[in-house]
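To keep things clear, I will list the structure first and then write my remarks on it.
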2 protein chains.
Amino acid sequence: MKKLDESLLTNLPPFRKLDRSQIRQILDAATPVRINAGDAFFDQGDTAEKFFLLLDGHIRVVKMTPDGEQVIALHIASGQLFGIAAGLGKATYPATSVAADECLALYWPNVMWDRFVATYDGFATETYKVVGERLDEMNKRIVEMATQQVEQRVACVLLRLINQAGRKVPDGIEIDFPITRQNISDMTGTTLHTVSRLLSAWEKSGIVASKRSKVTVTEPHQLVLLSGATG
Amino acid sequence: MKKLDESLLTNLPPFRKLDRSQIRQILDAATPVRINAGDAFFDQGDTAEKFFLLLDGHIRVVKMTPDGEQVIALHIASGQLFGIAAGLGKATYPATSVAADECLALYWPNVMWDRFVATYDGFATETYKVVGERLDEMNKRIVEMATQQVEQRVACVLLRLINQAGRKVPDGIEIDFPITRQNISDMTGTTLHTVSRLLSAWEKSGIVASKRSKVTVTEPHQLVLLSGATG
DNA sequence: CGCATGTTTGAAATAGGTCAAGTGGCGTGG
DNA sequence: CCACGCCACTTGACCTATTTCAAACATGCG
């Protein structure tokens, strides 16, 4: 196995305060994994034995209900830690991590978690900051689901996605990974039919453009208006 | 100010591993506060300068939307830390903490947070375990809101409440703090009318009994059935 | 080229929200 | 101690956003 390049980690929040030799140590302890779109790094309920860092690609964090329905709790973009059950005192992963596109990640065994926290200055702080942000995001979703109509929720989700995984293209901002109407409905607690109708309508008004599994927002501002300005 | 009794903290998770002298130190650094039902320890958006431990009473964690609607994110029972923005790298409190009944709490200035984490063994671990549990709970709520109908959501909330703050009474399990239909609707993303209709119906079937601002579940098992078994 | 997967769209059905009106307990102040 | 007013609660009637059902229609991969 060839050595991983140190530049992979240098600029990521959890490792920002570390020097080259520390990063070297961390990398030498890491195992790389690559998975295809649609596959999972781990499943909900699996014993949590490792924690991960996503280097490339996008992950959908999916929860399954007992009766088979699924809900997408959030997305993870490259550069972020995930599967950190270890850090939160959990024995099993609370959700499944499905690759939205081809993904490359590193992982470490859980025993390293405490070591990282103890040894590397800033690792704990930066990490729990990320946890705080996820808490916030989930909070916002709860509020949205509780107070807003479907149209606004879908608008919010698209805005959030272009913020987290948007790529500038000539005619607007494109969501940088494959995403279906069904996916969007799993994020908003609605049906693919309703999402389809909404996107069709928005496409007619020139707010979005979409192909199969691909969405581009052409008029973000219009979408903000539709979203009820909650973000 | 008279000295606080050490037994207050001895059996709470964050302090479980500490000895008497350590607990003494912690208590000596704490300030007690008492607030009335309906008042708030802090408001959403306030600069986060302290973190709290609830000794007695029940708190509603409330988020306000820009347009004045409110959503109850979760409840906090006595013995739990709250307002721990500090530990998650946040500069302001993300929600308002309203007392559901008369509340007694201790607080410490934020600077103590890092000290606690560094000095007291087990404090960080136990605390982040609590964060993990809240994440879980929020997750569950998101899934519920996304997949279940109002009736099931309300059933779930009642079950959760009797778990977290239930008190055995002759005719069932009572929620140990005042709670209105409006409160329940703020927790489930519905209207007080719908909640009222549901409770009326359940009261007719003998599943619950309720007075003004008081709910008792008489047939928890029936409620589990109605909840769709997600919990 | 054909199948699987994703998408569109109409029509019918409904859960639950909105509107409106009224009841009843309870604490306060006279 | 009583009456007043507030606040929580209830209930009916109506209305509509969204889901459900059903049926085609694209698109792209093997």
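Chain naming here is simple, since letters A, B, ... match the order of the sequence lines and numbering starts at 1 in each.
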Q) Using a cut-off of 4.0 Å on non-hydrogen atoms, how would the nucleic acid contact of A/Gly38 be classed: base, sugar-phosphate, or nothing? A) nothing
Q) When the distance from CD1 of B/Ile179 to P of D/dC7 is rounded to whole Å, what number comes out? A) 19 Å
Q | A/Tyr128-B/Tyr128 aromatic ring centre distance below 6.0 Å | A | yes
Q: Check whether the ring centres of B/Phe82 and B/Phe41 lie less than 6.0 Å apart, and answer yes or no.
A: yes
Q. Going by distance alone, is a donor N or O of one side chain under 3.5 Å from an acceptor N or O of the other, for B/Glu137 and B/Gln164?
A. yes
Q. Contacts to DNA chain D from residues 192-202 of chain B, heavy-atom cutoff under 4.0 Å, which residues?
A. B/His193, B/Ser196, B/Arg197, B/Ser200
Q: Name the nucleic acid region contacted by B/Gln149, choosing base, sugar-phosphate or nothing; use a 4.0 angstrom heavy-atom cut-off, strictly under.
A: sugar-phosphate
Q. Out of curiosity, B/Ser185 OG to B/Arg153 CZ, how far, rounded to the nearest 0.5 Å?
A. 11.0 Å
Q. Along DNA chain C, 5' to 3', what are the outermost nucleotides having an atom less than 4.0 Å from a heavy atom of chain A?
A. C/dT5 to C/dA11
Q) Under 3.5 Å, is there a donor-acceptor pair between the side chain of B/Ser196 and the main chain of B/Leu192? A) no
Q: Measure the CD1-CG distance between A/Ile72 and A/Asp186 for me, rounded to the nearest 0.5 Å.
A: 5.0 Å
Q) Where does the angle between the aromatic ring planes of A/Phe42 and A/Phe52 fall among parallel (under 30°), tilted (30 to 60°) and perpendicular (over 60°)? A) tilted
Q.
When you compare the side chains of B/Ser210 and B/Glu203, does any donor N or O come within less than 3.5 Å of an acceptor on the partner?
A. yes
Q: Among B/Ile207, B/Ile173, B/Asn163, find the one that has a side-chain contact (heavy atoms from CB on, under 4.5 Å) with B/Pro220.
A: B/Ile173
Q | Atom pair distance, as rounded to whole Å: CZ in B/Arg181 and C1' in D/dC9 | A | 6 Å
Q) Any side-chain donor-acceptor pair under 3.5 Å between B/Gln44 and B/Gln70? A) no
(Q) Rounded to whole Å, please give me the gap between CD in B/Gln148 and P in D/dT19. (A) 15 Å
Q | Strand-adjacent residues in residues 206-218 of chain A, judged by heavy atoms under 4.0 Å from DNA chain D | A | A/Arg212
(Q) Pick the closest DNA chain C nucleotide for A/Glu203 and for B/Val150 by heavy atoms, then say which residue is nearer the 5' end. (A) A/Glu203
Q.
Nearest 0.5 angstrom please: B/Leu27 CG to B/Asp5 CG, how far?
A. 8.0 Å
